[in-house]
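For the numbers below, each heavy atom of this structure counts, side chains included, while hydrogens, waters and symmetry mates do not. Start at 1 and go down the list; that is how both ligands and their atoms are numbered. Residues take their numbers from the sequence shown, with the count starting at 1.
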Amino acid sequence: MTPQQLWQRYQDWLYYHESLEMYLDISRMRFDEGLIETLKPKFAKAFQDMDALEKGAIANPDENRMVGHYWLRDPDLAPTEEIKQEIIQTVEAIQAFVQKVHVGAIKPPQAFKFTDILSIGIGGSALGPQFVAEALAPDFPPMAIHFFDNSDPAGFDRVLTRLKDRLNSTLVIVITKSGGTPETRNGMIEAKAAFEKQGLNFSQHAVAITMPGSNMDKVAKSEGWLATFPMFDWVGGRTSELSAVGLLPAALQGIDIRAMLAGAKAMDAATRVPNLKTNPAALLALSWYYAGNGKGEKDMVVLPYKDSLSLFSRYLQQLVMESLGKEKDLDGNTVYQGIAVYGNKGSTDQHAYVQQLREGVPNFFVTFIEVLKDRQGNSIELDPGITSGDYLSAFIQGTRAALYENHRDSITITIPEVNPRTVGAAIALYERAVGLYASLININAYHQPGVEAGKKMAASILELQKQIMQALQSASEPLDLATLAQKAGSPNEIEAVYKIVRHLEANRRGVIMNGDRANPNSLKVSAG
Ligand SMILES: O=P(O)(O)OC[C@H]1O[C@](O)(CO)[C@@H](O)[C@@H]1O
C-alpha cells in the first residue's frame with residue numbers, strides 16, 4: 001500500500017471513544033473486506049450470545065454459572081433485584097470500611113493506624129490488584145501494598161522481612177473466590193505464623209474476600225476477622241478486578257474506584273453496540289481472528305509505552321489464555337484453541353526482543369498501548385525542541401512502522417493518560433473482546449478445566465511424600481529408589497519418589513541420599 005492508501009485505511013478503520021478520549025487503530029492488521037463478510041454471521045451470533053450473557057443466561061454451562069462481571073459496573077443490568085442490591089451494597093461497604101481504616105476508626109490493636117496491606121491471593125485474585133497498584137497507586141499512598149502470590153517460602157520471607165517493623169500496622173487481605181486454593185491458604189498460614197511470632201493477633205489484622213459460604217468465609221467468620229467482602233459466584237477470577245477483589249485493595253491505596261467503575265461502564269456501553277465497525281471490542285476480536293486465522297496461530301505481544309502499565313500484559317495473559325486456551329469447543333470437538341500473550345513495555349523491550357519481532361519468526365502481532373500525556377507538569381528539552389516524551393512517542397511510531405514494513409501487523413490503542421477511568425475502560429475492553437472472540441470460535445471462555453489436572457497431580461505428590469517418610473522411618477537399612485517407591489505403595493512412580501527425596505534432603509527434612517548423583521539409580525536413601 002502507498003502511504004496515502006495507508007493513511008486512508010487508518011481513517012477508515014479508526015475507532016474513537018468520545019468521552020474516554022480513547023482511540024483504537026487496527027489499520028495495520030492486513031485483513032480485507034472478504035474476511036469481514038465471512039465473519040458477519042459469526043459476529044451476529046457473538047452479539048446475541050453477549051446480550052444473553054448480560055441478561056443472566058448460564059453463559060458458563062460446564063459450571064452451570066451466570067457470568068455477570070458487566071453488572072458490577074452497571075448494577076441496573078443485573079438480572080435480579082437481589083443481585084443488584086448485593087453489588088451496590090458491596091461497593092458502599094468497601095468505601096465505608098476504607099474510610100474507617102484511613103482515619104483510624106478501624107485500627108490494629110498495637111498501632112495507631114494501618115500503614116500497609118499484605119494481599120494474599122493468586123491468579124485472578126492477584127493479577128488485577130497487582131496491575132492496578134502499579135498503574136494507579138499514588139506516589140505516596142495512604143497504605144502501601146505488598147503481595148503473596150505463590151507458595152514460595154523465600155518469597156514469603158522477602159515480603160515479611162520488608163514488613164518486619166510494620167507488621168503491627170499491616171492489614172492482611174486474603175483473596176480467594178473458591179476459598180480452597182492451596183497457594184493462598186499457605187500464604188495465609190505463613191502470614192499468620194509471622195504475626196503470632198511477633199505476638200500480634202492475626203484476626204484483628206485480617207480481611208477476607210471470598211464466596212459466601214466458602215471455607216475461607218467460614219474461617220474468617222469463626223475467627224472473628226475484621227471484615228469479609230463477597231466474591232460472587234457469577235464473577236470469574238480473571239474478570240474480578242472490578243469486584244471487591246480489585247476494588248478493596250485499590251480503595252485502600254487511595255485509588256478512585258468509582259472512576260474505575262465509571263470508565264468500565266462507559267466502555268461496556270460502547271462494546272455492547274451490535275455493529276462490528278463501531279464496537280471497539282469487536283474490532284479487537286476481528287483483529288485477533290484475522291491474525292491467528294481463528295486458531296491462535298499468532299501470539300499477542302502487548303507493548304504499553306508507559307512504565308506504569310508494565311503489568312498489563314501479565315494481567316492480560318491470564319484473562320486471554322485462561323479464557324481462550326481450551327481443548328474442546330462448545331460442541332465437544334477437539335480444537336486446541338488459545339492465543340499466547342506476552343509483553344512488558346516499550347521502549348524497554350526494543351532492546352530485548354524487538355529484534356526477533358522485526359526479523360525473526362513472524363508468529364505474532366503486536367498491540368501497542370500509547371499514552372498521549374507524557375507526565376504531570378512540563379518536560380525539559382533534552383535536545384533543542386525535543387523532550388524525553390517526544391523520544392518515547394517517536395519510538396512507538398518507529399517500531400510500529402518498522403514492523404509493518406517487514407509484514408508484521410499491529411494494533412494501536414491510544415489513551416489520553418493513565419488514570420482510574422482509562423484503566424477501568426481498558427479492563428472492560430479486553431474482557432469484552434475475549435467474550436466476543438470466544439463466541440467467534442465457539443468455546444466457553446468462562447471455565448478452566450485444564451487447571452485442575454495439575455492441582456490433582458500436586459495433591460497426589462504430597463500424599464506420596466507422606467508415604468515415603470513412613471516407609472523410610474520403618475526401614476532397617478538404606479533403600480534404593482525402586483524399593484522405596486514400592487514400599488511407599490507407588491512402584492511406578494520412581495521418578496516422583498526421587499524428586500521428593502531430593503527436595504527433602506536439600507531442605508534437611510530428615511532424609512539422606514548416598515551414591516552417585518549423576519546416576520540416580522545408584523542412590524540409597526535413608527531417614528536421618
Ligand atoms: O480465587 P481462587 O479461587 O483462589 O482462584 C485463584 C485462581 O485459580 C484459578 O482457578 C486457576 O488458576 C483461576 O481461575 C483463579 O483466578
Using a 4.0 Å cutoff against the non-hydrogen atoms of [X], which atoms of ligand 1 qualify?
| X | answer |
| --- | --- |
| Thr181 | 2 (P), 3 (O), 4 (O), 5 (O) |
| Thr176 | 1 (O), 2 (P), 3 (O), 4 (O) |
| Gly237 | 16 (O) |
| Glu322 | 11 (C), 12 (O), 13 (C), 14 (O) |

Query raised in the report: Roughly how far, to the nearest 0.5 Å, is the CD1 atom of Ile369 from the OG1 atom of Thr412?
Result: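 The CD1 atom of Ile369 is 9.0 Å from OG1 of Thr412, to the nearest 0.5 Å.
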Query raised in the report: Is there side-chain contact between Arg314 and Leu127, with heavy atoms separated by less than 4.5 Å?
Result: yes
Requested in this report: Report the C-alpha separation of Thr422 and Asn419 in whole Å, then their side-chain angles, then the decisive distance to 0.1 Å, and conclude whether the side-chain hydrogen bond (donor to acceptor under 3.5 Å, both in side chains) test is met.
Outcome: CA-CA 5 Å; Thr422 52; Asn419 62 32; 3.0 Å; yes
Report task. Output yes when Lys192 and Glu223 qualify as a salt bridge under the 4.0 Å nitrogen-oxygen rule, no when they do not. Result -> yes
Query - N/O separation below 3.5 Å, Gly124 to ligand 1 - result: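 Min N/O separation from ligand 1 is below 3.5 Å for Gly124.
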Could you tell me the residue and atom name of the protein heavy atom closest to [atom], and the distance to it rounded to 0.1 Å?
| atom | answer |
| --- | --- |
| atom 7 (C) of ligand 1 | Ile122 O, 3.7 Å |
| atom 8 (O) of ligand 1 | Lys455 NZ, 4.4 Å |
| atom 11 (C) of ligand 1 | Val451 CG1, 3.4 Å |

Requested in this report: Answer with yes or no whether Glu183 contacts ligand 1, where contact means a heavy atom under 4.0 Å from a ligand atom.
Outcome: no
Query raised in the report: Does any donor atom in the side chain of Lys177 or Thr210 lie under 3.5 Å from an acceptor atom in the other side chain?
Result: no
Query raised in the report: Can you find a side-chain donor-acceptor pair between Glu463 and Gln467 that sits under 3.5 Å?
Result: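 Their side chains do contain a donor-acceptor pair, which is all the 3.5 Å distance test asks for.
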Query raised in the report: Does the separation of the ring centres of Phe229 and Phe97 fall below 6.0 angstrom?
Result: yes
